[in-house]
Amino acid sequence: MSIEKLTKSERNDQDRINKLKEIFPEAVADGLLSIEALNNLIRGLDIDTFSDKEEFYSLGWSGKSEARKLAYTQHTGTLSLKDGKGFNETNASNLFIQGDNLEVLRILKKSYTNQVDTIYIDPPYNTGQDLIYNDKFDEPVESYLQATNQADEQGLLTSNPKSTGRYHANWLNMLYPRIKLAWSLLKEDGIICVSISDIEVANLKKMLDEIFGEENFVNTVSVKSKVNAGASGGGEDKKLKKNIEYIHIYAKNIEKLSPLKDLYQYRELMPLISEMKEEGQSWKYTSVLVGYGERQKMATTYDGNGDPIEIYSRKNLKRKTINQIMKEEKLSEEEVYRKYLDNIFSDTNAQSSIRQRVIDKCGNLEQNEMYEVEYTPRSGKDRGKKVVHHYISNTVRRVIWLADVVDEVDGKLLKKERLSTLWDDIDFNNVGKEGEIPYPNGKKPIELIKRCININDKNDGLILDFFAGSGSTGHAVLDMNKKDNGNRRFLLVQLPENPNDKNEEFSTIADLAVQRIKNSYMQVYNSELSELDVNGFKVFELNRSNLKKWLSQSEQSVDYLVNKLNLFSVGPFVEGASTENILTELMLSQGFPLDSNVNGVADDIWEITHDQVPFILYVSLQLNLSDRAIGLLENAELGSLLICIDESLSDQQKILLSEKLKIKTI
């Protein structure tokens with residue numbers, strides 16, 4: 001194996017540079033990558049390229065190159081557990097992180113690259129009144145601590161008035177590095193959904209085209225967020241009222257994205273029927289099968305692949321209309337639909353090869369007769385599953401059952417319609433009641449966020465929201481898991497900014513969000529927190545490094561600089577740093593996620609594992625390792641990694657252990 005000093009690379013994309021060196025070793029000299037040699041090698045591949053000196057289509061703005069650098073800048077801080085702030089924290093895999101989301105994304109990059117299934121964010125819309133991040137700081141952690149009154153005060157958020165002359169540029173500079181980092185966290189089949197208003201909808205699309213690639217654009221959705229009467233804007237005779245917001249949806253790699261099937265939006269059945277009648281449209285689900293008759297085998301025919309199609313006949317059917325039953329049983333229209341939902345149908349002259357084969361084999365139907373056809377489709381959503389189709393009336397018309405397109409949810413009959421790019425069925429009026437906490441800066445309904453998650457849902461994915469606000473995304477994940485017994489996890493990031501309202505209960509939006517998530521657990525599970533035994537969440541906060549050598553210059557105290565000449569006499573860790581926080585920082589530095597398993601396996605050895613990481617990490621923070629600890633390490637799994645204080649091992653022990661372990665010393 002190897003022995004080396006524990007270091008941090010200067011860039012957080014060093015892995016990409018290493019891959020370039022691996023692919024193009026001819027372009028590397030003395031360990032450095034030659035851009036000129038790389039260009040020559042790429043030209044030799046005979047692929048289409050362009051030079052920055054040539055004119056090409058792109059989105060440009062003042063400060064773009066600096067914004068790009070911010071995405072590649074290595075983090076200087078770490079994350080510290082706020083023990084007791086979460087809920088059911090033992091083995092909790094849901095996470096809430098309090099801090100500047102740019103620095104947090106940098107910290108998470110190594111551990112969460114290609115780990116996120118869906119990103120939903122609702123960033124500032126650049127209205128001129130909302131605040132955006134001010135990223136012009138050399139020391140992001142120090143700036144964060146100042147902004148949160150943990151150090152001398154300094155602003156981390158700034159207003160962005162139109163009068164600055166950099167109105168759009170400032171907003172783009174704020175968002176670009178964050179989305180660039182977020183791209184690296186997505187799985188190959190992952191998606192990002194970004195809510196936005198009409199102010200920046202065009203610029204955001206061009207930015208996403210650049211980061212994700214135009215070929216990975218999925219859709220732009222229009223969301224009816226306000227009723228017309230209360231819509232904002234307008235009133236000046238030269239602008240229409242606003243009641244629409246937008247969501248840009250992109251895939252990390254659209255070739256890897258699963259087909260968008262079984263996605264629906266819902267409308268209440270009875271109001272839909274009334275609306276169609278008022279508009280003179282035909283509502284076709286008006287027949288009810290009240291008696292199925294006797295079932296008899298008719299024949300067997302075969303599909304184009306030679307697989308059997310079994311045909312049965314049902315004779316002496318009893319068929320009525322909705323209106324007949326209303327009169328006979330003295331029921332309202334809604335009561336009939338509820339009572340006979342599974343028996344209500346329409347019929348259509350659908351042309352299909354299966355229908356034609358049935359007609360060719362058995363001919364037309366008799367009065368009050370129906371064909372019942374069983375077969376296994378070779379394609380489509382039911383591929384490989386046995387299905388049953390029904391055909392009715394003399395001309396063998398396909399039966400469409402209302403129950404196949406209507407679900408009963410919370411006592412309401414809801415008509416399913418294939419999901420489109422117009423979402424006009426989501427209730428924004430009651431969003432203030434969600435989570436039982438008012439949020440003056442606005443919430444998104446959890447139904448909207450759930451719909452975004454559903455686009456690429458696997459029932460057990462990781463959902464990221466780094467503009468978490470009041471924590472609605474966490475609420476949405478909990479609600480989805482409760483309804484389908486899923487195992488989705490959320491990872492939320494929110495700056496502890498002032499909520500700017502008269503609510504004295506919470507000093508920051510981050511505190512408000514944490515409480516809202518706790519309230520969401522109680523709402524979803526209809527129980528008090530103390531009675532729940534479910535996957536909880538941990539709360540972390542952005543903080544300075546626990547390792548003195550990783551502190552930035554502004555964070556290093558005068559006393560530390562004086563003692564730096566005698567580093568080992570004062571120890572490698574910051575005074576007061578807890579074991580838990582040191583372990584968190586070290587495991588993040590080696591690519592272990594925050595929900596890793598951390599176990600003490602000896603008095604002075606910690607073992608860290610995660611099913612996404614292919615090796616075991618051992619950590620010792622002691623100046624002297626016991627014989628038991630040395631024995632445990634000697635029997636460790638081949639390829640494991642040990643991080644320890646340099647002087648805790650003799651040179652002989654290092655050489656012996658390095659035959660089986662990779663060793664990094666502090």
Quiz item: Using a distance-only test with no angle check, is there a side-chain donor-acceptor pair under 3.5 angstrom linking D209 and Y250?
Solution: yes
Quiz item: Looking only at side chains, do N481 and R489 share a donor and an acceptor under 3.5 Å apart?
Solution: no
Quiz item: Less than 4.0 Å between a side-chain N and a carboxylate O, is that true for E374 and R295?
Solution: yes
Quiz item: Will you find, in the side chains of R488 and T118, an N or O donor that is under 3.5 Å from an N or O acceptor?
Solution: no
Practice problem: Answer with yes or no whether the side chains of H610 and D595 bring together a donor and an acceptor at under 3.5 Å. | Solution: yes
Exercise. Please name the pair of heavy atoms, one in G435 and one in N519, separated by the smallest distance, quoted to 0.1 Å.
Key: O-ND2, 3.0 Å
Quiz item: Can we say E328 and K320 salt-bridge, meaning some charged N sits less than 4.0 Å from an Asp/Glu carboxylate O?
Solution: yes
Quiz item: Are V493 and D465 side-chain neighbours, meaning at least one heavy-atom pair lies under 4.5 Å?
Solution: no
Exercise. State, without any angle test, whether S184 and Y112 hold a side-chain donor-acceptor pair at a distance under 3.5 Å.
Key: no
Quiz item: Under a 4.0 Å N-O cut-off, is there an ion pair linking K458 with D189?
Solution: yes
Quiz item: Any ion pair linking K242 and D198 (charged N to carboxylate O, less than 4.0 Å)?
Solution: yes
Self-check item: Residues E310, K297: salt bridge by 4.0 Å N-O rule
Solution: yes
Quiz item: Is any NZ, NE, NH1 or NH2 atom of the basic residue among D122 and K444 found under 4.0 Å from an Asp or Glu carboxylate oxygen of the other?
Solution: yes
Self-check item: Exercise: do K318 and N368 side chains pair donor with acceptor under 3.5 Å
Solution: no
Quiz item: So among I311, I354, D307, which one has a side chain to side chain contact (heavy atoms under 4.5 Å, CB included) with Y375?
Solution: I354
Quiz item: Is a salt bridge present between R338 and E334, judged by a nitrogen-to-oxygen distance below 4.0 Å?
Solution: yes
Quiz item: Between F540 and F96, does the ring centre distance come in under 6.0 Å?
Solution: no
Quiz item: Under a 4.0 Å N-O cut-off, is there an ion pair linking R314 with E369?
Solution: no
Quiz item: Ion pair present between R397 and D347, side-chain N to carboxylate O less than 4.0 angstrom?
Solution: yes
Quiz item: According to the interplanar angle, ranging from 0 to 90°, do the rings of Y391 and H389 count as parallel (below 30°), tilted (30 to 60°) or perpendicular (above 60°)?
Solution: perpendicular
Exercise. Scan side-chain atoms only and decide if T421 and N219 contain a donor-acceptor pair under the 3.5 Å cut-off.
Key: no
Quiz item: Is any NZ, NE, NH1 or NH2 atom of the basic residue among K339 and E329 found under 4.0 Å from an Asp or Glu carboxylate oxygen of the other?
Solution: yes
Quiz item: Using the ring of each side chain (for Trp, its six-membered ring), is F537 parallel, tilted or perpendicular to F490, with breaks at 30° and 60°?
Solution: tilted
